[in-house]
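Chain identifiers are assigned alphabetically (A, B, ...) following the order of the sequence lines, protein sequences preceding nucleic acid strands; residue numbering begins at 1 within each chain.
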There are 2 protein chains.
Amino acid sequence: MTQPDITIYDIAKKLSLSAATVSRALNNNPAINAKTRKRVNDMAMEMGYRSNNFASNLRKGNTHTIGVLVHELKSNFITSVLAGIEKVTTEAGYDIIIAHSSERKEKEIANAHNLFHKRVDGLIASLAFDTENLDHFDPFFKKGIPVIFFDRVFEHTDFAQVIINNYRAAYDITSHLAKQGCKRIMHVTASLERNVYSERFKGYQQALKDNKLNYDKDLLITNQLSEEAGIQAAMQILAMRKRPDAVFVSNDFCAAVLMRTLQDNGVHIPKDIAVAGFNNDAVGKIVSPKLTTIDYPGIEMGEITARNLVNHLQGVSNLALTNKIIIKSELIIRESTLKKKPSQK
Amino acid sequence: MTQPDITIYDIAKKLSLSAATVSRALNNNPAINAKTRKRVNDMAMEMGYRSNNFASNLRKGNTHTIGVLVHELKSNFITSVLAGIEKVTTEAGYDIIIAHSSERKEKEIANAHNLFHKRVDGLIASLAFDTENLDHFDPFFKKGIPVIFFDRVFEHTDFAQVIINNYRAAYDITSHLAKQGCKRIMHVTASLERNVYSERFKGYQQALKDNKLNYDKDLLITNQLSEEAGIQAAMQILAMRKRPDAVFVSNDFCAAVLMRTLQDNGVHIPKDIAVAGFNNDAVGKIVSPKLTTIDYPGIEMGEITARNLVNHLQGVSNLALTNKIIIKSELIIRESTLKKKPSQK
DNA sequence: GTGAAAGCGCTAACAG
DNA sequence: CTGTTAGCGCTTTCAC
């Protein structure tokens, strides 16, 4: 049943050529006569030849494969980023291997090792919630394998990174809530160890200050931004003697769950409590009221990240020079935060 | 900067051993003295050795890699399945390569070829909307590389497959709607070429018949089950002279969008129109009213599929024998279809 | 318990 | 434009 594989030698023998010529022909080497090339390709097709990547990679020493290490697959944002990465890498002729850490640093470390052993030519990464350092990327740095981070990064380091201005986005959304007359604005977010969340927290605090509101530590909840976390945060709010009049959640899905739980317990949104999310996930347009959020262009982020890595690999540019790229993001105001009637007539 | 890689020869030389011994030691071959093994492993660590998969695979002739070809990544169901697959394959020591076709048969064909060339030891696949035949899997069949399909399959073929009883699930949901007093039950689904949708359609029709309702072809919409499709279907309903009093949508997300669009246009759910989805996506619990749906265990499906493939690869069982596995699914009734008050006191 | 030697399939000098 | 040759790094007989 399982007949042995066809190799270039088999093709060469059939056509009375050398293996080298067959190899060149299959790789569309221009040095080969067009007629010969066609004969080889036809014969390869006919014999059901498939090239042996292992032999080829072993010989060439590079894999034309890019590793993508993400913190989670179950996220609209991430799948958008992946689509962007895929578009660019496919066009450039690179394969990608996707690994995800499920937000756990242990798995991130294991994945980093695995991709290193798989000999990826370059790496694109977004860190897990609890990643504390970049030691597991050292093997890449040491071997000169380019690494570029996106979204979840260590800021203020020298490594190439593509991010949005989280500080600014959070500032905008918090200011918007303040402008709506909210006085007790809660912030539900994830580990402040991670740049995206710490920056948002800073933006939130600054906006409070600029709007003459005090920061109250009871108004900060950090959790996993999961479904359960959303329910729990809502419960916590319901139990408060002095409830907030607005909640800014760092993730649309969690915001939606939180909002729903509050509603199920008789809270009116946005009248009693305004709710805002982050990411412009599709879910924000389905819930009622529709969710105010930050639009955060995943596809574009993926494309830009991959483009930079590919350019580096192709020697067109150097990652070490372009070390930080900031992508635009935008506040989208919907009903979930509109306490006042829209002022425009 | 980029110092050359360490090989087993480098380790062998340092320890005055042969490369063969080093190789065996690294692979924990019991024939090797425990002391020698430790010396080798320590030295490997110290020198920063990483094994060369290409050389190893080239030599061994198998890759210990399983290809996973899915119709779409942006789906909660699929990411659950992937989690299940990953769990089982990781435990069994297999790597996986994930490829997705974005519901397009051209890309599915290209991916199948690609995975074939990557020499996966086995393949797990779920078909795209418009896949018409299994010709692109022929190379696998011919070479005796095991292929197992899940969810989106060609039914009534001899290939190994893991599915749910779509007929039954649709029958249940449609009957439930009929029991709620609905007389004009619409069905919004995707290409009837694909088993999952054709089976659901059959179940829907049979339930209508068994409940003495006529099937009206105006009450069938087939689309892509996307966000836009949901909006468009809702618009179509709004424009109907004789509107349905229930809609059974083949996907929760699309159902939610459709429901929301109807609501935005003054339709009361479930009073005017009941809405049911399929998949038990998290979104169903966020929307208002909460969505009636079919629970469809993604993780389990992934685990069972992978387990069967791995067992086959390890010679424990034979895929050719266990050719169809049906996983349980379950109707979950929520407010979006409750026209009558729950009858239980 | 360890070593010698061959070869997996391919590509890149080099030669002509 | 095509052929010869060597070798990528590993595993696996077959010896001893």
Footprint ends on DNA chain D, 5' to 3', for atoms under 4.0 angstrom from a heavy atom of chain A, come out as D:dC1 to D:dG9
Q: Verify whether the ring centers belonging to A:F141 and A:F159 lie closer than 6.0 Å.
A: yes
So, are B:K107 and A:E86 salt-bridged, with charged N and O less than 4.0 Å apart?
-> yes
Only residue of A:I145, A:I109, A:L69 satisfying side chain to side chain contact (heavy atoms under 4.5 Å, CB included) with A:F137 is A:L69
Practice problem: Consider only side-chain N and O atoms of A:D121 and A:T63, and report whether a donor and an acceptor are under 3.5 Å apart. | Solution: yes
Heteroatom pairs (N/O) under 3.5 angstrom, protein to nucleotides 7-9 of chain C:
from	atom 1	to	atom 2	distance (Å)
C:dG7	N2	B:R59	NH1	3.2
C:dG9	N2	A:A55	O	3.2

To the nearest angstrom, the NE2-P distance between A:H64 and C:dC10 comes to 18 Å
Are B:R194 and B:D130 close enough for a salt bridge, meaning some N to O gap below 4.0 Å?
no
Contact check, residues 13-32 of chain A vs DNA chain D, heavy-atom distance under 4.0 Å, returns A:S16, A:L17, A:S18, A:A20, A:T21, A:R24, A:A31, A:I32
NZ of B:K14: more than 12 outside heavy atoms within 6.0 angstrom?
-> no
task: For the pair B:E72 and B:R104, find out whether any cationic side-chain nitrogen is under 4.0 Å from an anionic carboxylate oxygen.
output: no
Applying salt bridge (charged side-chain N to carboxylate O under 4.0 Å, His left out) to B:E193 and not counting sequence neighbours gives none
Hits for side chain to side chain donor-acceptor pair (under 3.5 Å) against B:N52, two or more places apart or cross-chain, chain-then-number order -> none
Sorted by chain and number, sequence neighbours left out, ring pair (Phe, Tyr, Trp, His ring centres under 6.0 Å) with A:F140 holds for A:F116
